[in-house]
Structures are given as C-alpha cells and as structure tokens.
Number of protein chains: 2
Amino acid sequence: MKRAKSYGRHEDIVLRAHIELSRSLTKIRSKETAWLGDRDLTLPQFGILESLYHLGKLSVGQITKLTLSTPGNITVVVKNLESKGLIKSIPSDEDRRIKILEITEEGSDTMKSIFHEHVANLTGMYDAALNEEEIQILSRLLRKLEKAQ
Amino acid sequence: MKRAKSYGRHEDIVLRAHIELSRSLTKIRSKETAWLGDRDLTLPQFGILESLYHLGKLSVGQITKLTLSTPGNITVVVKNLESKGLIKSIPSDEDRRIKILEITEEGSDTMKSIFHEHVANLTGMYDAALNEEEIQILSRLLRKLEKAQ
DNA sequence: ATATAATAGTACTAACTAGTAATAATGTCA
DNA sequence: TGACATTATTACTAGTTAGTACTATTATAT
C-alpha cells in the first residue's frame, strides 16, 4: 500500500514488515479457506478438528489455548462441528465444569482423507516462493516475534 | 503445537513455519484489536479508514483490492463506518455503478489522534523481538512469499 | 471440624460484526 | 440490441466478544 506520509525511518520499515506479514497470511489463508470450503469446512473448524485429530481428547479450555482463541468462540465452532457429526463431547467426571471433546470416527476419516493434501497444498505455496533455508530463517524470526508478545 | 505425526521432513519444516506465521500475526492482531476496541474501532474498520486517510477518495472496488477483501465485505464494514460518521459516500457521476468513499473531518480527526500511537505500539512489538536488520530480512522473505501467491 | 464467604476457573448465551455466494444494476462492445 | 463484463448490494452463514452463570477451591470464622 502506497503511503502518502512517513512516520519515521525505522517506523516505516516496521510498518512495511507488518503489512507484508498481514498480506502474505491473508493470501495463503484465502486459498486454504477456498480449498476447505469445497470440503465443507471452515478454517476455525479445521483448526479444532486438527487439534483433536493429532492430540486426542481435549477440553474447551485446552483448545482455546492451542488455537489462541476465546472460550465463547470455541463453544460456537464446536457446536457447528458437533452438528456435522465430526466431533463429540463428554462431560468430565472429575470436574463438572469441564467438557471433554473428542473427534468421531467420521471426523477422523475426514481428516485422514484431506490432511495429507492440505499439507501438500501448503508446502507448494511456500516452496513456490522460498527455498528450505529461507523457510527456516523465516520460521526462526517469526518464532522470536511470536514469543516476544 | 506438538504434533504426534510427521508428514515428511521438509513438510514438517513448512508446517512449523506456517504455524509461526499464523501465531505471530494472531498475537499481534489481538493486541491491536484490544487497543482499537478501546477507541471504538474494529481492525477491518481501521483498515478502511486508514486507506481513505492516507490515499484520499477511493471506490469500494479499490478498497477491496487494497485490503485483499471482497466487495460484499467492504459494503458491510463501510455501512458501520458511515453510521459512526467517520466516512461518507458519494455516487460517481461518470459511472453510476461506482460509489466513491471519503473520510469525514471527524474520521480524519480520529486518525490524526490515534495513528501515531498505533504506529508506536506496532513498532514496540517488533522491536521487542527483532533488531532492524532482522525486521528487514523478515520483510523481504514475507514479500517473496506474498508475491508468489 | 464445619459452615460460609470470597475468589478463581470453565464454558455458555446473546448481540454484533464480518465473510461469502448469489443477485441486481449499470456499462461496454460486437 | 443482445451478450458479456464490471461494480456493488442483499441475504445467509459463521465467527467473535463481552457479559453471565455455574462449579470448584481456598480462606476465614465459629
């Protein structure tokens, strides 16, 4: 985005980096979203499904932390996943506040059939732009950025 | 996120990078969102307001491209900004399909009073994690990634 | 020890906002 | 003038957030 005004030399560099961060993820996500849409899933739904697929049973609170989301948000997305029969929930015996979520056989089959291709899509997007060393550098810088927040 | 399963050496590296990309932006955005929320703005609203503040009059279609959004989406966010009196719209004389958007004096005053601090916040977040050279490298890698999509 | 109050943890509801797909309106050009 | 392209809106679905309710834990008083 062409900017009419400068907000300082260093600030302009940061703004530029931030715009690139935002735009690159937006573009990748929009491809992912379209691809998942053809398979009747949204990105937030896929995120929760993936957590349960790879990590087993989890509570709403654990999912909230993993996805950097909020509890109310998870409740809604979980409701939509449950109505599709992809996950199920069991109230915890030890603590009646807690609701344990688990992927169903159908959900697991879905993930089995799409996850590999999803990874291939993503890999293709990154490989189209960067070599492996660059991807590693990017990863390391982003990790530092994330951990500082 | 600990992953139980590997999807290939190179694939795991890409997935890791993608998770870092997603998480770093999520964390930064959640701070921005909270800060803007105190000023009665959402992030999408701020994005449109910023475009009009820095670039002058723009059509819905131009904003759509700048923000990598979709027309229907812009219409909704524009409606919310108009009802707050921060922007106004004028139908184009040359082409009656086109709606020209412009920031109001009130909108401009709002941006004048918050944009500098917004830049300072963002700069602070990046500087807490990375030095200027690292930010430049990050920016360059992300730009390549974005342009390849 | 037991009862009660205060605090923390966990998830849900409702109102709002955004995002998407289908549609309408206008313009362009053969 | 009819077919196609462009531009924006409408209507529907989903996600997000703030506020609320419920359960558990800890502290305090009797």
Side-chain angles (χ1 to χ4, degrees), chain A residues 22 25-27 29-49 57-84 86-102, chain B residues 22 25-27 29-49 57-84 86-102:
Chain A
S22 177
L25 188 58
T26 299
K27 283 194 174 180
R29 279 202 177 147
S30 104
K31 288 190 189 178
E32 283 186 285
T33 299
W35 188 83
L36 287 172
D38 292 340
R39 281 137 193 94
D40 225 11
L41 285 171
T42 67
L43 206 48
Q45 287 169 12
F46 181 76
I48 291 180
L49 211 51
K57 295 178 189 176
L58 296 168
S59 71
V60 172
Q62 288 173 309
I63 301 244
T64 299
K65 278 171 201 152
L66 280 168
T67 57
L68 305 182
S69 186
T70 54
N73 197 352
I74 301 298
T75 301
V76 175
V77 182
V78 159
K79 190 194 64 188
N80 290 330
L81 281 169
E82 273 192 292
S83 74
K84 289 182 189 170
L86 299 174
I87 67 173
K88 63 189 169 196
S89 61
I90 316 121
S92 163
D93 286 340
E94 293 112 40
D95 186 335
R96 275 184 302 165
R97 295 169 302 180
I98 293 178
K99 185 174 168 180
I100 307 283
L101 304 173
E102 188 179 6
Chain B
S22 177
L25 189 59
T26 300
K27 282 193 174 181
R29 279 204 178 147
S30 104
K31 287 190 191 179
E32 281 186 286
T33 299
W35 188 83
L36 286 171
D38 292 341
R39 282 139 192 94
D40 225 9
L41 284 172
T42 66
L43 206 49
Q45 287 169 10
F46 181 75
I48 291 180
L49 211 51
K57 296 178 188 175
L58 296 168
S59 70
V60 171
Q62 289 174 308
I63 301 243
T64 299
K65 278 170 203 155
L66 282 167
T67 57
L68 304 182
S69 185
T70 52
N73 197 353
I74 301 297
T75 300
V76 175
V77 183
V78 158
K79 190 195 65 189
N80 290 330
L81 282 169
E82 273 192 293
S83 75
K84 287 183 189 172
L86 299 175
I87 66 172
K88 63 189 169 198
S89 61
I90 318 120
S92 164
D93 285 340
E94 294 113 39
D95 187 335
R96 276 183 302 164
R97 292 170 305 180
I98 293 177
K99 186 173 167 181
I100 307 282
L101 303 173
E102 189 179 6

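Naming: A, B, ... by sequence-line order, numbering from 1 per chain. Keep in mind that what you see is a predicted model, and the values were worked out from it rather than measured.
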- prompt: If you take all heavy atoms of A/Ser59 and A/Ile98, which pair is closest and at what distance?
  reply: CB-CG2, 3.8 Å

message: Over all strands shown, is B/Thr64 touching base, sugar-phosphate only, or nothing at heavy-atom distances under 4.0 angstrom?
response: nothing

Residue A/Asp93 excluded, over 12 heavy atoms near CG under 6.0 Å: no

field: Most 5' of B/Thr75 and A/Val76 on DNA chain D, judged by nearest nucleotide
entry: B/Thr75

- prompt: Which part of the nucleic acid, if any, lies within reach of A/Thr70 when heavy atoms closer than 4.0 Å are counted: base, sugar-phosphate only, or nothing?
  reply: base

query: Taking CD1 from B/Ile48 and C1' from C/dT17, how many angstroms apart are they, rounded to a whole number?
result: 12 Å

query: Just checking, is any N or O donor in the side chain of B/Ser89 or B/Glu102 under 3.5 Å from an acceptor N or O on the other one?
result: no

message: Quiz question: by atom type and distance under 3.5 Å, do the side chains of A/Ser92 and A/Arg97 form a donor-acceptor pair?
response: no

statement: To the nearest angstrom, the CG-C1' distance between A/Leu36 and D/dG15 comes to 15 Å

message: Can you tell me if B/Asn80 touches the phosphate of C/dC16, counting only side-chain N or O atoms and a distance under 4.0 Å to OP1 or OP2?
response: no

statement: What one should report as the nearest heavy-atom pair of B/Thr26 and B/Ser22 is OG1-O, 2.7 Å

- request: Please confirm whether the backbone N or O of A/Thr42 pairs with a side-chain atom of A/Gln45, one donor and one acceptor, at under 3.5 Å?
  value: yes

field: Whole-Å distance separating the CG atom of A/Asp40 from the P atom of D/dT13
entry: 13 Å

query: Does the B/Ser69 side chain pair with the main chain of B/Lys65, one donor and one acceptor, at a distance under 3.5 Å?
result: no

- request: Calculate the interatomic distance between A/Lys84 atom NZ and D/dT13 atom P; express it in whole Å.
  value: 13 Å

field: A/Val60 vs A/Thr33, nearer the 5' end of DNA chain C by closest nucleotide
entry: A/Val60

- prompt: Can you name the closest pair of heavy atoms from A/Lys27 and B/Leu68 and give their distance?
  reply: CG-CD1, 4.1 Å

message: Looking at B/Lys57 and B/Ile90, would you say the former's side chain and the latter's main chain have a donor-acceptor pair under 3.5 Å?
response: no

task: Using only side-chain N and O atoms of B/Lys99, determine if any of them is under 4.0 Å from OP1 or OP2 of D/dT9.
output: yes

statement: Rounded to whole Å, the CD1-P distance (B/Ile74 to C/dT20) equals 11 Å

task: Would you mind reading off the distance between A/Glu82 atom CD and D/dA14 atom P, rounded to a whole angstrom?
output: 15 Å

Distance, rounded to the nearest Å, where B/Phe46 contributes CZ and C/dT17 contributes P: 18 Å

List every contact pair, protein side and nucleotides 21-24 of chain D side both N or O, where the distance is under 3.5 Å.
residue, atom, partner, partner atom, Å
D/dT23, O2, A/Arg97, NH1, 3.4
D/dA24, OP1, A/Arg96, N, 3.0
D/dA24, OP2, A/Arg96, NH2, 3.4

- prompt: Counting any heavy atom closer than 4.0 Å, what does A/Ser69 reach on the DNA or RNA strands: base, sugar-phosphate only, or nothing?
  reply: nothing

query: When we call it a touch if two heavy atoms are under 4.0 Å apart, what does B/Thr42 touch: a base, just sugar-phosphate, or nothing?
result: sugar-phosphate

- request: May I ask you to verify if any side-chain N or O of A/Gln45 is less than 4.0 angstrom from the OP1 or OP2 atom of D/dG15?
  value: yes

query: Between B/Arg29 (CZ) and D/dG15 (C1'), how many Å, whole number?
result: 15 Å

Might you list the N or O atoms of the protein lying below 3.5 Å from N or O atoms in nucleotides 18-20 of chain D, with each pair's distance?
none

task: Look at atom NZ of A/Lys31 and say whether more than 12 heavy atoms of other residues, nucleotides or ligands are closer to it than 6.0 Å.
output: yes

